[in-house]
Number of protein chains: 2
Amino acid sequence: MNADLPLVAILDDEPEIRRMLSDALEEAGFRTQSYARATEFEAGLKRSSPDVCLVDLGLPDRDGLALVHRLALESGAAIIIISGRAQVQDRVTGLELGADDYIIKPFDPTEVVARIRARLRKGRTESPSVSQTAHFAGWSAHFDRYLLIDEAGRETSFSHAEGEVLRLFLESPNRLITRAQMQESLGGAAGESFDRAMDVRISRLRTKLGEDPKNPRLIKTIYGAGYIFLGEVRWG
Amino acid sequence: MNADLPLVAILDDEPEIRRMLSDALEEAGFRTQSYARATEFEAGLKRSSPDVCLVDLGLPDRDGLALVHRLALESGAAIIIISGRAQVQDRVTGLELGADDYIIKPFDPTEVVARIRARLRKGRTESPSVSQTAHFAGWSAHFDRYLLIDEAGRETSFSHAEGEVLRLFLESPNRLITRAQMQESLGGAAGESFDRAMDVRISRLRTKLGEDPKNPRLIKTIYGAGYIFLGEVRWG
DNA sequence: CGCGATTCTAACGAATTCTTACAGCTTCGC
DNA sequence: GCGAAGCTGTAAGAATTCGTTAGAATCGCG
């Protein structure tokens with residue numbers, strides 16, 4: 001009965017689906033309330049205000065779309081439609097009546113959880129919990145803190161320009177990155193002698209990574225072509 | 001060139017898809033910008049800040065998920081992934097990395113439009129937080145009492161001007177805040193050299209937060225761009 | 001080996017940002 | 001009112017970032 005956990009209201013007439021959803025959601029850290037019929041569902045809304053409503057459109061006792069429409073107007077909750085009707089037109093009208101998402105049966109509970117999380121994330125002022133960290137060759141690069149941390153835990157800060165280069169490498173490791181691609185990606189305006197600036201950026205980055213100039217192990221220069229960042233990179 | 005219309009940035013390497021999307025979106029009342037490659041796309045983001053980003057995951061020059069990840073942290077835009085990969089796991093990781101929606105190819109442009117509308121609708125409804133207290137990095141900021149309280153319960157008062165800056169940071173943590181945004185938000189109407197005043201406000205705030213000038217942990221300067229406030233922030 | 005093309009890096013300098021000092025202004029207590 | 005204290009912007013010099021320059025080092029190719 002933890003009031004801090006987000007509350008998800010489920011409206012579906014099939015018991016197995018209700019069960020499947022509530023199991024998956026509770027395991028994922030949500031509270032749930034299940035309803036089989038629209039009238040019960042609406043009564044429940046008056047007692048508690050859920051953060052997310054999962055609504056099956058194929059209801060026996062009510063026009064699901066009308067319900068969605070009203071929910072969208074009256075409740076602040078995120079509304080996700082679950083439906084067996086897969087036609088584009090169905091989805092479009094559902095979304096236009098105010099739903100925030102539209103999931104087609106049969107569905108995977110994992111995806112439902114992910115979509116609910118995506119909805120809640122936007123609504124909150126809280127920062128997204130996705131970390132912005134890459135691990136490689138004994139280093140951890142924290143792009144949010146502009147910090148490199150080595151195996152021993154020693155910290156080295158890097159500047160924004162250096163970070164741009166490092167990120168570009170870590171996003172495409174073991175792949176040739178041409179100077180042209182870099183220039184474009186790093187906002188290099190026109191093709192003048194911006195090349196030199198990039199050399200310098202990379203040079204500074206290499207020293208921060210403790211590369212041996214004679215024998216760079218991470219950032220390889222491909223003469224006449226560009227650079228390759230070598231190594232296993234893991235994000236997160 | 002109506003700046004009031006929402007701007008949608010499209011990133012897809014297939015020309016037909018770009019065309020199809022931009023046609024549908026423009027007919028639906030959006031402005032669009034199309035890009036074939038990630039590097040161009042990122043360069044475009046620096047010039048204009050779209051309200052929605054449509055990103056194809058199958059990019060030739062970059063790991064699409066890494067790009068999405070970064071977008072989610074740095075841009076306030078809604079992010080919609082378009083992908084040929086239909087596996088549940090693909091969708092879940094996409095959403096967990098910060099995407100707001102995930103559309104599978106082949107898709108119907110009408111549905112894309114509807115989903116974009118649904119996203120934008122939610123963004124506008126975002127209710128302003130009425131709480132006057134924020135917690136972050138061991139600090140509690142009480143805006144109603146102009147008081148900062150650290151873990152040990154020691155109190156430090158802050159001024160109105162300092163509070164304006166602090167609130168701006170705490171309302172969008174882990175996101176770049178440009179000097180222009182600050183100036184606008186803090187009512188710095190006149191003064192072209194209002195920038196200096198800004199510097200001083202931030203400097204004073206930093207000392208009150210006990211930041212190490214060499215290595216600020218909370219308020220990072222992005223040379224030539226603005227500032228980022230780092231950390232988990234909880235309001236209330 | 002020699003030569004031109006390419007890349008590296010140390011040093012410099014312009015732009016930007018930080019910090020300290022100071023002055024004008026408001027607020028508060030008396 | 002008066003003076004002290006605090007707030008806030010301006011000014012000025014220090015510090016940082018980062019592109020540019022230039023000379024050295026390296027590479028590819030004969």
Side-chain angles (χ1 to χ4, degrees), chain A residues 146-147 156-169 176-180 182-183 185-229, chain B residues 46 143 145-148 155-166 168-169 176-183 186-229:
Chain A
Y146 293 86
L147 230 48
T156 313
S157 73
F158 54 83
S159 75
H160 182 65
E162 287 157 2
E164 279 187 319
V165 179
L166 179 58
R167 163 174 277 138
L168 189 59
F169 282 136
L176 178 72
I177 297 173
T178 67
R179 292 182 99 91
M182 273 201 180
Q183 176 168 323
S185 174
L186 306 189
E192 79 272 16
S193 67
F194 180 74
D195 274 2
R196 300 300 110 240
M198 288 198 4
D199 291 350
V200 177
R201 283 196 191 188
I202 290 174
S203 171
R204 295 205 247 251
L205 184 57
R206 283 210 255 230
T207 51
K208 293 212 170 168
L209 286 172
E211 290 271 77
D212 173 16
K214 308 283 184 180
N215 202 26
R217 301 196 309 177
L218 295 171
I219 304 176
K220 286 268 191 190
T221 304
I222 310 301
Y223 186 91
Y227 298 90
I228 291 185
F229 186 93
Chain B
K46 289 183 180 165
F143 288 99
R145 291 184 286 158
Y146 293 91
L147 225 50
L148 270 170
E155 300 184 350
T156 313
S157 71
F158 56 84
S159 72
H160 180 67
E162 287 157 2
E164 278 187 319
V165 179
L166 181 58
L168 187 60
F169 280 138
L176 179 73
I177 297 174
T178 67
R179 292 182 101 91
Q181 282 173 340
M182 273 202 179
Q183 178 166 327
L186 306 189
E192 75 289 325
S193 71
F194 179 73
D195 275 2
R196 301 299 109 241
M198 188 107 278
D199 292 349
V200 177
R201 284 195 190 188
I202 290 174
S203 174
R204 294 205 250 253
L205 184 57
R206 283 212 253 228
T207 54
K208 293 211 170 166
L209 287 172
E211 291 271 77
D212 172 16
K214 306 281 185 182
N215 240 34
R217 301 282 160 150
L218 295 171
I219 304 176
K220 286 275 189 183
T221 304
I222 312 303
Y223 185 92
Y227 297 91
I228 293 184
F229 185 93

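Both backbone and side-chain heavy atoms feed into the values below; hydrogens, waters and symmetry mates do not. Within every chain, numbering begins at 1; the chains are lettered A, B, ... in the order of the sequence lines, protein sequences first and strands thereafter.
Ring pair A/His160/A/Tyr146 is tilted by interplanar angle, where 30° to 60° counts as tilted.
In this entry the distance linking NZ of B/Lys208 with C1' of C/dT19 reads 16 Å, nearest Å. Rounding to whole angstrom units, CE of residue B/Met198 and P of D/dC7 are separated by 17 Å. Atom CD1 in A/Ile219 sits about 14 Å away from atom C1' in C/dT7, given to the nearest Å. With rounding to whole Å, A/Asp195 atom CG is found 15 Å from C/dA5 atom P. Rounded to an integer number of Å, the gap from B/Gln183 CD to D/dT8 C1' is 16 Å. With rounding to whole Å, A/Leu205 atom CG is found 12 Å from D/dC18 atom P. In this structure, NZ of A/Lys220 is placed 16 Å from P of C/dT7, rounded to the nearest angstrom. C/dT19 atom P lies 10 Å from atom CD1 of B/Ile202, rounded to whole Å.
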Margin query: Before you tell me yes or no, could you show the steps for B/Leu166 and B/Lys208 under side-chain contact (heavy atoms from CB on, under 4.5 Å), namely the whole-Å CA-CA distance, both residues' side-chain angles and the distance that decides it to 0.1 Å?
Written below: CA-CA 11 Å; B/Leu166 181 58; B/Lys208 293 211 170 166; over 6 Å; no

Next item on the list: Begin with the C-alpha distance, continue with both residues' side-chain angles, and end with the deciding distance and a verdict on side-chain contact (heavy atoms from CB on, under 4.5 Å) for B/Gln183 and B/Asp195.
Entry: CA-CA 8 Å; B/Gln183 178 166 327; B/Asp195 275 2; 4.2 Å; yes

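Close to C/dT17, at under 4.0 Å from its OP1 or OP2, lies a side-chain N or O of B/Arg179. For C/dT7, the OP1/OP2 oxygens have no side-chain nitrogen or oxygen of A/Thr221 closer than 4.0 Å. Contact between the side-chain N/O atoms of A/Ser159 and the OP1/OP2 oxygens of D/dC18 is found at a separation under 4.0 Å. Between D/dT16 and B/Lys214, a contact under 4.0 Å exists linking OP1 or OP2 to a side-chain N or O.
The line from CD of B/Glu162 to CG of B/Leu209 is 9.5 Å long, rounded to the nearest 0.5 Å.
Using a 4.0 Å heavy-atom cutoff across all strands shown, B/Tyr146 reaches no nucleic acid atom at all. Among the protein residues, A/Arg201 comes within range of the sugar-phosphate backbone only, with heavy atoms under 4.0 Å from sugar or phosphate atoms but none that close to a base. Here A/Arg206 lies in heavy-atom contact (under 4.0 Å) with sugar-phosphate atoms only. Among the atoms of the strands shown, none is found under 4.0 Å from any heavy atom of B/Phe158.
When distances run from any side-chain atom of A/Val200 to the nucleotides D/dT20, D/dT8, C/dC18, the shortest one goes to D/dT20. For A/Tyr223, counting side-chain heavy atoms from C-beta on, the closest listed nucleotide (D/dC27, C/dT9, C/dT17) is D/dC27. Listed candidates were C/dT17, C/dA21, D/dT20. Nearest to the side chain of A/Ala197 is D/dT20. Distances from the side chain of A/Ala161 to the nucleotides C/dT19, D/dC18, D/dT20 place D/dC18 closest.
Taking the nucleotide of DNA chain C with the nearest heavy atom to each of B/Ser203 and A/Ile222, the more 5' of the two is matched to A/Ile222. Both B/Glu162 and A/Ser157 lie close to DNA chain D; mapped to their nearest nucleotides by heavy-atom distance, the more 5′-ward contact belongs to B/Glu162. Residue order along DNA chain C, read from the 5' end via each residue's closest nucleotide, puts B/Gly226 first among B/Arg204 and B/Gly226.
A side-chain donor-acceptor contact under 3.5 Å links B/Arg206 to the backbone of B/Ile219. Judged purely by atom type and a 3.5 angstrom limit, A/Glu211 uses its side chain to pair as donor or acceptor with the backbone of A/Leu218.
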